[in-house]
Amino acid sequence: MWSEISALAGMFLAAFLAATPIPMQSELAFVALAANGWSLTALVVAASIGNILGSCLTYAAGRGLGGLGLWRWFHLPAEKMARAESWFARWGRWSLLLSWAPGGDLLVALAGALRMPLVPFLILISLAKTGRYIALALATQAAF
């Protein structure tokens, strides 16, 4: 039982960190655990919850940075921030469905900085992150 809890906690942590600006790949942990016989359903749940909560941290950081005008610390000139705001206004919240992809953390932080309402943010992030792990589970199941 402890090994299952520790494996799922490790999956949760890997997914959590992967949704922050920390360079981390949760897919490797997911596939390794699945290849060793762990329940795909349990892995999807642990990874999804971790990744969603990690995105919430990134969103909160973006919200704090935007509210305090701290984006300049990340060397994001005003014209680039204006371009990012314009892009986000055009594609809006739907771009968060791509938050699972490389660079998705920037979309999440931008959503926070631009004060996207929390409930729509959570819905879109949950769909994107859970969908990603379901797709990974199906691919892993097909491979093993």
Interatomic distance, CG@L107 vs OG@S95, rounded to 0.5 Å, equals 5.0 Å
Residue pairs meeting ring pair (Phe, Tyr, Trp, His ring centres under 6.0 Å), one or both in residues 95-120, sequence neighbours left out, come to none
Excluding F144, membership of its hydrophobic cluster (Ile, Leu, Val, Met, Phe, Trp, Tyr; side-chain heavy atoms within less than 4.5 Å) reads L8, M11, F30, V31, L33, W38, L40, L43, V44, Y133, I134, L136, L138
Smallest heavy-atom separation, A18 atom then M24 atom, equals CB-O, 3.6 Å
Which residues share a side-chain contact (heavy atoms from CB on, under 4.5 Å) with [X], sequence neighbours left out:
{"X": "L13", "answer": "L17"}
{"X": "P117", "answer": "R93, P120"}
{"X": "S126", "answer": "I52"}

According to a 4.5 Å side-chain heavy-atom criterion applied to Ile, Leu, Val, Met, Phe, Trp and Tyr, with indirect links allowed, do [X] and [Y] form part of one hydrophobic cluster?
{"X": "L118", "Y": "L110", "value": "yes"}
{"X": "I5", "Y": "V45", "value": "no"}
{"X": "L114", "Y": "L122", "value": "yes"}

Quiz item: How about D105 and T20: do any of their side-chain heavy atoms sit closer than 4.5 Å?
Solution: no
Enumerate donor-acceptor pairs with a distance under 3.5 Å from any side-chain N or O in residues 53-61 to protein atoms, sequence neighbours excluded.
unit_1, atom_1, unit_2, atom_2, d
S55, OG, N51, O, 3.1
S55, OG, K129, NZ, 3.2
T58, OG1, A19, O, 2.8
T58, OG1, G54, O, 3.2
Y59, OH, R63, NH1, 2.9
Y59, OH, M116, O, 2.3

